[in-house]
Colleague: 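My questions will all concern the structure given below.
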Number of protein chains: 4
Amino acid sequence: MDYDVVQAARVSTLGADAVASDGSIQGLINFLMRDRHGSPFEHNSMTFLIQAPIFVAREWFRHRAGWSYNEESGRYRELKPVFYVPAEDRNLVQVGKAGQYRFEPGTQLQQGIVRDVAREGYRHAWNSYQVMLRAGIAREVARTVLPVGIYTSFFATCNARSLMHFLSLRTADKAALFPSFPQREIEMAAEQMEAHFAEHMPVTHAAYVRNRRVAP
Amino acid sequence: MDYDVVQAARVSTLGADAVASDGSIQGLINFLMRDRHGSPFEHNSMTFLIQAPIFVAREWFRHRAGWSYNEESGRYRELKPVFYVPAEDRNLVQVGKAGQYRFEPGTQLQQGIVRDVAREGYRHAWNSYQVMLRAGIAREVARTVLPVGIYTSFFATCNARSLMHFLSLRTADKAALFPSFPQREIEMAAEQMEAHFAEHMPVTHAAYVRNRRVAP
Amino acid sequence: MDYDVVQAARVSTLGADAVASDGSIQGLINFLMRDRHGSPFEHNSMTFLIQAPIFVAREWFRHRAGWSYNEESGRYRELKPVFYVPAEDRNLVQVGKAGQYRFEPGTQLQQGIVRDVAREGYRHAWNSYQVMLRAGIAREVARTVLPVGIYTSFFATCNARSLMHFLSLRTADKAALFPSFPQREIEMAAEQMEAHFAEHMPVTHAAYVRNRRVAP
Amino acid sequence: MDYDVVQAARVSTLGADAVASDGSIQGLINFLMRDRHGSPFEHNSMTFLIQAPIFVAREWFRHRAGWSYNEESGRYRELKPVFYVPAEDRNLVQVGKAGQYRFEPGTQLQQGIVRDVAREGYRHAWNSYQVMLRAGIAREVARTVLPVGIYTSFFATCNARSLMHFLSLRTADKAALFPSFPQREIEMAAEQMEAHFAEHMPVTHAAYVRNRRVAP
């Protein structure tokens, strides 16, 4: 798929010299990335099946340009009782002011509260949903009590350019030219996306990292 | 604002004859609508402040082309305890198969169940949220127990073309050439949007209705 | 690739019944097309290398949603002397009023004029371009004399949904629910696009035709 | 219009602290720009009537996100004989390699060649066009001989975000964090756009310049 980028760029002979100089495609792709020639990175397509809590999906769907979505419908299907509970390494306590937040682990007591209260909250919400469904209430009405921590599934299709833009906003990398402060849960998903990206388009991914994670 | 449509269309002399024939702008706008010349309807802008449950916002944000959004953040702000409970005239029982659903009111017992179970579910979720916040848990973590029936606020900016596309999918009008089956809650919001649209762009709105609600 | 549509639709169980009823994917795809569920048709990607006159490319690039482009640059490269001259079966004379145009072949005299004047015009323009290039003038300045009938090359990437929208506007089919009046030259390119589409996604293409060429 | 940005940002309380600290809207808008919160800059709309040569319009129309266009049609209308000839201060000679181009004025001889050859080329093309029109050939066919240096008119509607993105690519400012190499002719148009932008949204424009012309 890296080669698709090269093909597209060559139509306009963007960076033909860069290619010639080191006989490889790295030079061209680095040049395109650095000089913000973004369009050659759009002639490819990656489709992912994502499973994530609704609050993560809600942030994801804000990405419009170069993204297509198809999501599991709570109107047409009964949702499944799968809920998000933070793992032990999720920092729970927010310190500092807007724009300068950082997170700290929290005490054992705080960790216990989150686990217990979230689990009990999910259980109660699921029970309310089931009571309504069993009483013959439409799924689209009954679902209003379900929490944003319930999992949803969706197909997401993007291209290398729209994916890099997503990654630049949804991962917090210290080497990034423009720092971002994503919620940890969408960042975990973004890290998995990035691993696939690096595997399938290694040259483009390396150029993105080298360019300090500025999406072209 | 109807006149903006005319101005834009005249650049390309689309339908100059249509204008001439009856000396008014109706002829031109009807012609543009009927022949699917959509771009003249994009040179205008409407901004709305919407307050709606999260499950409505989620459907809304699927509209990408020609829409801009800014939503209240559950990361940066403590949400407010405002929740959606169906009014008495909301049909609660779904009948028929996929693609041919219709809704019926439901019995008094069913109506009572929805009101009571939803209210109790919301109360429990809100309490869980408050317990976590008081224990010092970050807002972005505590919110995972909040239900999709809680209200959110957002600015939405669109133009006449993207609005008509939204309306064609989110209202169920028997005269529409292409029938749609929106969830009643987003349809209620869409009806309010349509009233504003009809007020500010009466000629365009009338042409849209006359064109059997097919967005150009 | 038809199967990608089915996969995406099944995430939301759109039309599960339609699939079940005849044990095939035709039923589901026809249902999605008819009920305007467009998003399942976006999880696929087609890349074309197009060679067309500039006046055709200009109409093409008006299609924004779901299209990506990379075009040969007249700034970075000397263009090639390939020009469009209408073939003998191109109707040359326009009859009727705006919105009701039709074309007729024209007389032999008219056909001769077009061939001769266009060829001579192209020759003169190419010569002017060459004179400026040989005098050391930058390509981006010299190109201003080149006609819109000169050929350009571009990569275009789209998906089934954006392609069907393009086809619905750029082909004139009498069976179409919404008639279009494309310029014949872009229609010739669209017909080739449609042939590839029908080959690679036969079920989706058949559903599109059956739906009277209304893009979902 | 700067205030629209503030309103939109306040829905999500983005940067509420920034506002508080200096009692003005500058702080908030600078914060949004620097931290790449782009969406608050989308809830506004600017419509321009542009007159520019076709080769400039072609570059312009590559901007898809947040832009709407309506252009004069060479199919429906006879174009007017207005053509682009470089002014005396337009540098005509390109020096250096791809990615490092710079332009120099050229000799008086070179300047004379451009003026004379371009004018004569335009005259010849216009004459060919007129000969075909007078022979009854359709406008859409006759126009194929017209050069990309002929002027076209179009309405363009954008918002502050899409305009800043356009400006960052179509102006060459030495203070910019990411240098761009636009063709001078589109840069001249972009400079006029920027003057209007600075007049109507002075705070946003100042924040954009201060942010080294990186569009949020």
Side-chain angles (χ1 to χ4, degrees), chain C residues 53-55 57-59 61-65 67-69 71 74-76 83-86 90-95 98 101 103 106-107 109-110 113-114 117-118 120-122 124-125 127-129 131-132 135-150 152 181 183-185, chain D residues 53-55 57-59 61-65 67-69 71 74-76 83-86 90-95 98 101 103 106-107 109-110 113-114 117-118 120-122 124-125 127-129 131-132 135-150 152 181 183-185:
Chain C
I54 283 179
F55 69 88
R58 268 163 57 67
E59 294 192 327
F61 285 32
R62 298 299 302 278
H63 295 262
R64 297 159 297 175
W67 283 89
S68 295
Y69 303 103
E71 189 185 2
R75 298 181 67 200
Y76 298 129
F83 300 92
Y84 172 74
V85 179
R90 204 316 185 181
N91 289 341
L92 297 174
V93 178
Q94 182 176 302
V95 183
Y101 290 137
F103 280 82
T107 62
L109 179 61
Q110 286 172 315
I113 287 173
V114 168
V117 175
E120 166 55 19
Y122 293 152
H124 191 277
N127 188 53
S128 301
Y129 180 57
V131 166
M132 287 194 270
I137 307 303
R139 287 183 294 270
E140 69 180 39
V141 175
R143 68 166 165 173
T144 62
V145 295
L146 290 175
V148 297
I150 198 171
T152 184
F181 307 97
Q183 180 155 348
R184 179 64 192 142
E185 282 77 15
Chain D
I54 283 179
F55 69 89
R58 268 164 57 69
E59 294 193 327
F61 285 32
R62 298 299 302 277
H63 294 263
R64 297 159 295 176
W67 284 89
S68 295
Y69 303 104
E71 189 185 1
R75 297 181 69 201
Y76 297 128
F83 300 92
Y84 173 73
V85 179
R90 200 325 181 175
N91 288 342
L92 297 174
V93 178
Q94 182 175 302
V95 183
Y101 291 136
F103 280 83
T107 62
L109 179 62
Q110 285 172 316
I113 286 172
V114 167
V117 175
E120 165 55 20
Y122 293 152
H124 191 278
N127 189 52
S128 301
Y129 181 57
V131 166
M132 287 193 272
I137 307 303
R139 288 182 296 267
E140 68 180 40
V141 175
R143 67 166 167 175
T144 63
V145 296
L146 290 175
V148 296
I150 198 172
T152 183
F181 307 99
Q183 179 155 349
R184 179 62 191 143
E185 282 77 15

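Not measured: the values here are computed from a predicted model. Below, chains carry the letters A, B, ... as their sequence lines are ordered, and counting in each starts from 1.
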Colleague: Does any backbone or side-chain atom of D/Arg143 lie under 4.5 Å from a heavy atom of chain C? Answer side chain, backbone, both or neither.
Modeller: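 Both parts, backbone and side chain.
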Colleague: Below 4.5 Å from any heavy atom of chain C, which atoms of D/Phe103 appear? Answer side chain, backbone, both or neither.
Modeller: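 The side chain, not the backbone.
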Colleague: Please determine, among C/Gly121, C/Gly136, C/Pro147, the option with the most heavy-atom pairs under 4.5 Å with chain D.
Modeller: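 Most pairs with chain D among the choices: C/Pro147.
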Colleague: If you compare all heavy atoms of C/Ala135 against all heavy atoms of D/Ile113, which two are closest, and at what distance to 0.1 Å?
Modeller: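 In this case the closest contact between C/Ala135 and D/Ile113 is CB-CD1, 3.6 Å.
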Colleague: Given that the side chain runs from C-beta out, which part of D/Tyr122 has a heavy atom under 4.5 Å from chain C: side chain, backbone, both or neither?
Modeller: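 Side chain only.
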Colleague: Using every non-hydrogen atom in the two residues, find where C/Val131 and D/Val117 come nearest and quote the distance to one decimal.
Modeller: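 So the minimum-distance heavy-atom pair works out to CG1-CG2, 4.0 Å.
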Colleague: Is it the side chain or the backbone of C/Arg62 that comes within 4.5 Å of chain D heavy atoms, both, or neither?
Modeller: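 Only the side chain of C/Arg62 comes within 4.5 Å of chain D.
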Colleague: Shorter than 4.5 Å, heavy atoms on both sides: which option in C/Gln110, C/Arg58, C/Met132, C/Gln94 has the most such pairs with chain D?
Modeller: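 Most heavy-atom pairs under 4.5 Å with chain D: C/Arg58.
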Colleague: Please classify the contact of D/Ala125 with chain C as side chain, backbone, both or neither, using a heavy-atom distance under 4.5 Å.
Modeller: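 Neither part.
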Colleague: Measure C/Glu59 against the heavy atoms of chain D and call it side chain, backbone, both or neither at under 4.5 Å.
Modeller: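 When you check distances to chain D, only side chain atoms of C/Glu59 fall under 4.5 Å.
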Colleague: Name the region of D/Pro53, side chain, backbone, both or neither, that has any atom closer than 4.5 Å to a heavy atom of chain C.
Modeller: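 For D/Pro53, there is no contact with chain C at all, as no heavy atom is under 4.5 Å.
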Colleague: Most heavy-atom pairs under 4.5 angstrom with chain C, which of D/Tyr69, D/Tyr84, D/Phe83?
Modeller: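 Going by pairs under 4.5 Å, I would pick D/Tyr69.
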Colleague: Nearest heavy-atom pair of C/Glu140 and D/Gln183: which atoms, and what distance?
Modeller: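 Smallest heavy-atom distance, with atoms named: O-NE2, 3.1 Å.
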